[in-house]
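For reference, the structure is listed below as structure tokens.
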Amino acid sequence: MCGIVGAVAQRPIADILIEGLRRLEYRGYDSAGLAVIDPVTQQLRCIKTAGKVQALSDAEHAAPAHGVVGIAHTRWATHGKPEVRNAHPQVSGSSIAIVHNGIIENFQEIKQELCAEGYQFASDTDTEVIAHLIHKIWQRERRDFFGCVRQVVARLSGAYGLAVINSEQPDSIIVARSGSPIVIGVGIGENFIASDPSALGQVTDRFIYLEEDDIAEVTRDKITIYNGTAPVNRETVRLHLDNDEVLKGHYRHYMQKEIFEQPDVVKNTLQGRISKTQILEQSFGVAAKAFLDKAKSVQIVACGTSYHAGMVAKSWIETIAGLPCGVDIASEYRYRKVLVPQDCLFITISQSGETADTLAALRYAKTLGYAGFFTVCNVANSSLVRESDVALMTFAGREIGVASTKAFTTQLAVLAVLAVALAKRRGLSAAQEKDYVKDLNQLPQTIVDTLALDADIKQLSNDFGEKHHALFLGRGVQYPVAKEGALKLKEISYIHAEAYPAGELKHGPLALVDADMPVIAVAPNNELLEKLKSNLQEVSARGGQLYVFAHREAGFQNNAGLSVLNMPHCSKFLEPIIYTIPLQLLAYHVAVLRGTDVDRPRNLATSLTVE
Ligand code: G6P
């Protein structure tokens, strides 16, 4: 999604704004802009460019924007094409500028009203209505700008995180949050705002998170926050944002770095949660126990890659813990009639903790009578963490590549521990627990062994450079793995890829199989192996080219139509984690070969804070 940054300082801020946008570029990058108030002339100066933040930086260097108060934005288009006129800030008159994340649902109605009063619209955005509405009220009242913005915000429906400046009131920024995060970065004699604290790591380590429906006036030395008509206090938290983390090091892309970080981040995520022989359930926090004791079933809700983690977790929770488990895509769940069984535990899974659909699903679920709300999440202080009873954090570190990799495997590590914790309540013996925990303890090393296949997979990727389609097959718990592999490939290489449970091949997709359709299969040595082999025969018989990631004892032989890549030995339990890794590497190498922007694929964003 889009990114917002702003500053009210005593020093020039253009470089701070642009650096903040660079750090947020993983959220959206089709156009960018900034607006500052010149301290001498008190005029608003706005620069906007199409494309990445570098274009904005070049434009600003060519004609510097002098200012000590300002706002900036990097955009992921929702309303209106990614063109300069639709980039933010959106401006009204000569004094008001606004940046906005989210979607204003009643913008057409407000637009009609403003058009009737003579306002002319220069963009196709929903955001421009907010700028004009603020302008209209400010022209009428000419006092208490904070109050004017509060009146406007009260008229908006939808989701927003926004920041406004007014060159006629040049010493403040006003920010508001409803459904899309905003933080205030606290400085000394200067303050900052952003949609994500990572934008401000270079200027402060103290942050105030706005809560839902908060609106704040931020000046150099004062922060005033209201919720409704009442002033409120919000805690200041200290965050240690490790800047090294955002550097690529010797890797060519963030995605590559993040794939290779998996042994470490999975280890971090498991640390403190397992001993040599046991699950350490107290690491879930004191609140978790009562919910786990009570749970008779589980409902998981998530989007994208996190949804695939949910599909794997469903299989674990049902087979290991013997509890019924449902899994839904959040954008569907939030609009369907749901029947909630008694004592059902609701779990969201999300890397960012800010995905609008997942958050809305949680809020909807809270009206339905679930027994408790867990989230598996990578971002402390995110909305999902704050609104859930229990947060099971993944310690993946910041994920910058848009195609999620280490977030997925750390989610699975947490969910595996959770499945065993639930199983313990339903008769899992100490010996069985010990076996599962042994597997988990070996997991980081097995990931290292799997990453050693990188060179072979790079070699394999040469076959995919010219392809337009690919089919991924898996069975049982490997079906979500196949889905994740297909998602990775389509996201970053733009090759159309689909995943099927292999048994379903004959019911349609087999019609597509020919020499131009590579078929990738994940084939651990499990009880479905022979069934999978029969399905793959159906592909070979039709001249399809097969690529099989197989257990070395699965009995596949390389031949003209079949390329086999032998996987290291791993426990059956954790095969979904291990078999995902070669598919990440395959997608990565194919994308590099095709010359796409691996970390910032077209049209996508890391965190989707709009519906
Ligand atoms: C976007 C990202 C995906 C991610 C999904 C859910 O589509 O590009 O990588 O899986 O959102 O995000 P979440 O933060 O909720 O896991």
Side-chain angles (χ1 to χ4, degrees), residues 1-3 24-30 76-78 101 159 179-181 195-196 198 254-255 258-259 265 269 300-313 327-334 347-363 374-388 391-394 396-412 414-415 480-481 483-494 580 583-584 587-588 591 596-611:
M1 270 315 307
C2 315
L24 292 177
E25 215 177 7
Y26 70 99
R27 295 173 62 89
Y29 35 75
D30 57 41
W76 183 82
T78 56
N101 288 355
S180 195
S195 51
D196 179 332
S198 63
Y254 283 112
M255 181 185 180
E258 288 160 6
I259 290 173
V265 293
T269 299
I300 295 175
V301 170
C303 301
T305 289
S306 299
Y307 170 70
H308 297 156
M311 290 176 76
V312 173
V327 55
D328 273 64
I329 290 173
S331 54
E332 290 294 311
Y333 177 91
R334 63 183 287 191
I347 304 179
T348 55
I349 307 174
S350 174
Q351 188 284 126
S352 62
E354 300 294 350
T355 300
D357 286 319
T358 312
L359 195 53
L362 170 64
R363 291 178 183 157
F374 280 30
T375 188
V376 175
C377 189
N378 195 39
V379 180
N381 294 307
S382 61
S383 301
L384 281 174
V385 168
R386 284 181 285 137
E387 296 187 28
S388 299
L392 304 180
M393 301 308 297
T394 50
R398 196 165 148 216
E399 192 174 61
I400 294 176
V402 164
S404 182
T405 52
K406 61 178 181 170
F408 179 72
T409 44
T410 52
Q411 286 167 351
L412 288 183
V414 169
L415 290 161
V481 172
K483 280 180 77 71
E484 179 58 10
L487 177 64
K488 289 293 84 95
L489 190 70
K490 77 179 94 162
E491 277 180 313
I492 58 171
S493 75
Y494 313 148
T580 300
L583 305 186
Q584 298 170 341
Y588 172 73
T596 61
D597 190 343
V598 172
D599 287 328
R600 292 172 296 190
R602 68 185 182 207
N603 306 341
L604 302 179
T606 297
S607 165
L608 285 165
T609 49
V610 289
E611 184 173 350

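It should be emphasised that the depicted structure is a prediction, and the values quoted were computed from it without experimental measurement. Both counts, for ligands and for their atoms, begin at 1 and track the order of listing. We number each residue from 1, following the sequence as shown.
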### Task
Please tell me if the side chains of V379 and E354 come closer than 4.5 Å, counting only heavy atoms from C-beta onward.
no
### Task
Answer yes or no: does an N/O atom from T358 fall short of 3.5 Å to an N/O atom of ligand 1?
no
### Task
Check the pair R363, E387 against salt bridge (charged side-chain N to carboxylate O under 4.0 Å, His left out), reporting the backbone distance first and the verdict last.
CA-CA 8 Å; R363 291 178 183 157; E387 296 187 28; 2.7 Å; yes
Using a 4.0 Å cutoff against the non-hydrogen atoms of [X], which atoms of ligand 1 qualify?
X    : value
T305 : 10 (O)
S306 : 10 (O), 13 (P), 16 (O)
V402 : 8 (O), 9 (O)
S404 : 9 (O)

### Query
Does a side chain donor of either T348 or T375 reach within less than 3.5 Å of an acceptor in the other side chain?
yes
### Message
Does either side chain, that of E484 or that of T305, offer a donor lying less than 3.5 Å from an acceptor on the other one?
### Response
yes
### Query
Could you walk me through whether S404 and K488 pass the side-chain contact (heavy atoms from CB on, under 4.5 Å) check?
CA-CA 8 Å; S404 182; K488 289 293 84 95; 4.3 Å; yes
